[in-house]
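Quick one: the structure is below, and I'll ask about it shortly.
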Amino acid sequence: MAIAYFRCMMCGHEWEDEVERGDDVERTCTKCRSNSIRQFKSKPEPKE
Amino acid sequence: MGLSSRKAIYIPFPQAVPSAYTLDMENCLGNNPIACGKCQDVCEQDAIDYDDQDELIVREVGAVVVAIGLDVYDPTEMDEYGYTRFENVITSMEFERLICAGGPTDGHFVRPSDVTRPKRIGFIQCVGSRNPAIGRPYCSNICCMNTIKDTLLLADHYPDTGNVVSYQDIRAFGKSFEDMFQRSKEMGVRYVRGLPGDIEEDPETGNLIITVENTTSGKLERHELDMVVLSVGVIPPKDLKKISGLLTLSKTSDGFFMESHPKLKPVDAPTKGVYFAGFCESPKDIKESVCQSGAAASKVGALLNAGEIHIEAITSVIDPDLCTECGICAGLCPYSAIVWEKGQKAEVIEAACAGCGCCGAACKFGAITMRHFTDDQLVAQVQAVLEHEPDEKVFVFACNWCSYAGGDMAGISRLEYPASNRVIRTMCSARVSEEMVLEAFRAGAPVVLVSGCHYADCHYINANRQTVVRVQRLWNKLEKAGVRPERLQLEWISAAEGQKFAKVMKEMEVLRATVTPEEIAHAREALKPKPKKEKVKKEAKAESVTS
Ligand code: SF4
Ligand code: SF4
Ligand SMILES: [Zn+2]
């Protein structure tokens with residue numbers, strides 16, 4: 001288990017979640033339901 | 001189940017097919033015939049050979065039917081029901097053995113703690129089913145009807161038993177099932193809508209106490225019972241992983257095998273020539289399993305008797321002159337349709353290729369051509385679409401099966417959405433290479449959307465996971481080049497989601513309106529393909545010679 005950081009590329013919502021290697025999860029933004037979810041290994045720089 | 005003992009030679013269960021004896025080699029003394037060998041003496045057919053060994057039999061076959069069945073959920077982890085702590089808590093499988101005439105008690109139904117006949121029996125439904133907390137969110141399909149059948153059996157054998165069934169929902173949707181449910185209720189069985197939080201035991205009597213909130217009456221009910229039967233669910237068989245590796249099969253999120261198409265090809269595996277029968281594909285009852293097995297047998301018959309097979313024309317081909325033997329494509333093909341070994345050129349087995357195009361999008365050396373969806377064709381479409389007024393357009397790559405059909409659905413449903421989108425169809429979203437997306441930005445697209453099937457619906461096993469990998473890489477690339485990565489969007493839209501298609505198109509139009517002409521111009525420039533190093537060197541050298 002590792003922590004991954006996610007950012008919705010539609011509404012900008014950010015969150016973190018536990019992920020496992022080989023996870024097969026369809027990701028959806030909990031705020032706007034978009035599937036454009038960008039994953040980061042470390043906490044991304046806040047968006048200006 | 002540990003309810004009785006059996007001999008070292010036995011028939012696995014009374015209805016076993018074939019109804020043949022099997023030797024329990026761990027307990028048989030026949031390996032040393034001097035010690036025993038009695039069964040060999042009495043077998044007139046000479047069917048017993050103690051020296052027989054396991055052997056690997058290799059057969060070449062034209063089709064495979066996967067019918068590896070199921071395993072039963074072990075309720076030990078749900079400690080609140082005390083399966084390992086209370087003797088009188090049993091599973092539905094143990095119930096079957098106890099009430100079976102050929103079972104350990106010759107069909108006399110007794111409770112384990114004091115071998116007396118229980119008068120009040122409780123059934124708890126959905127143990128190991130419809131419970132996301134333990135990773136089993138699916139309905140096991142058979143347990144409701146199994147419990148109803150058990151209550152009818154009890155009512156028939158022991159009319160004086162009082163039975164209580166604690167349930168979430170009763171799913172009695174098959175032929176005559178509702179009738180059985182009503183009969184069970186008429187026989188006096190109490191159905192309480194609600195599941196108990198736990199089971200307590202009275203240590204003196206061995207009786208069990210359950211407290212349930214009856215969600216129909218809104219009242220708390222307390223029942224003292226002689227015995228509790230946990231109606232356990234079913235789980236994917238433990239060999240499923242091994243078989244899926246052997247036959248390149250994929251699993252649904254529930255852990256059962258994924259069929260080629262849930263509605264139109266429920267018997268076919270995505271791997272050609274492989275079919276499913278029974279539980280390993282999804283929980284189902286005997287009737288459904290029989291139907292599926294019949295369908296699988298017919299499919300095999302049709303395939304093997306056809307004499308020749310027709311394959312789709314949309315397959316990939318590898319040009320050995322361009323292949324650099326990197327092997328990337330072979331590792332990505334969901335169907336294992338690419339043969340490659342270190343130091344060798346990759347080659348496509350066309351009969352196994354499903355035509356997703358994932359390999360074509362991944363090959364960095366242009367060695368793979370997807371028939372009917374070649375790089376040249378797709379890039380030409382991108383350029384043609386964006387030739388005039390590209391800043392007014394939202395460029396969409398849509399997969400054939402889901403998102404393109406979702407667009408159709410939006411149209412058929414007369415849903416309104418902005419007219420700015422221009423859709424290009426590929427068979428799978430995994431056909432969209434990074435280069436094609438960059439080409440769209442170079443041609444002036446303000447926004448590019450890549451859309452495909454939801455994970456569970458991917459028509460090419462799991463090819464669309466590669467779409468995600470590529471889009472992630474592209475976001476990084478765009479950011480590095482100073483292009484706003486949000487201009488590239490990803491959406492999963494199913495064929496039925498016309499509403500979602502229209503909603504997404506509206507969102508894309510809003511996004512498009514935020515992209516400035518300066519941003520478009522910058523992207524055109526910043527994403528220009530870089531000349532290859534050797535090429536630059538060669539050109540510089542040529543220049544220095546001529547000057
Ligand atoms: S990805 Fe391209 S270069 Fe690499 S092995 Fe496959 S066809 Fe050859
Ligand atoms: S097109 Fe798809 S199925 Fe065919 S070889 Fe390439 S990756 Fe495999
Ligand atoms: Zn969002």
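The basis for the numbers below is simple: all heavy atoms, side chains too, and nothing from hydrogens, waters or symmetry mates. In the text below, chain A, chain B and the rest are named by the order of the sequence lines, each starting its count at 1.
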So B/F256 and B/Y138, would you call those rings parallel, tilted or perpendicular, with 30° and 60° as cut-offs?
perpendicular
For chain B, find which of A/Q39, A/R27, A/R33 contributes the most heavy-atom pairs closer than 4.5 angstrom.
A/Q39
Quick check for you: among B/N476, B/L511, B/V504, which has the greatest number of heavy-atom pairs under 4.5 Å with chain A?
B/N476
Test side-chain hydrogen bond (donor to acceptor under 3.5 Å, both in side chains) applied to A/R38 and B/E486, B/E479, B/Q472, the passing residue
B/E479
Are more than 12 heavy atoms from other residues, nucleotides or ligands located less than 6.0 Å from atom CH2 of B/W475?
yes
Between B/E491 and A/S34: side-chain donor-acceptor atoms closer than 3.5 Å
yes
Non-hydrogen atoms of chain A under 4.5 Å away: do they reach the side chain of B/Q489, the backbone, both or neither?
both
Go through the atoms of A/C32 and report whether side chain, backbone, both or neither lie under 4.5 Å from a heavy atom of chain B.
backbone
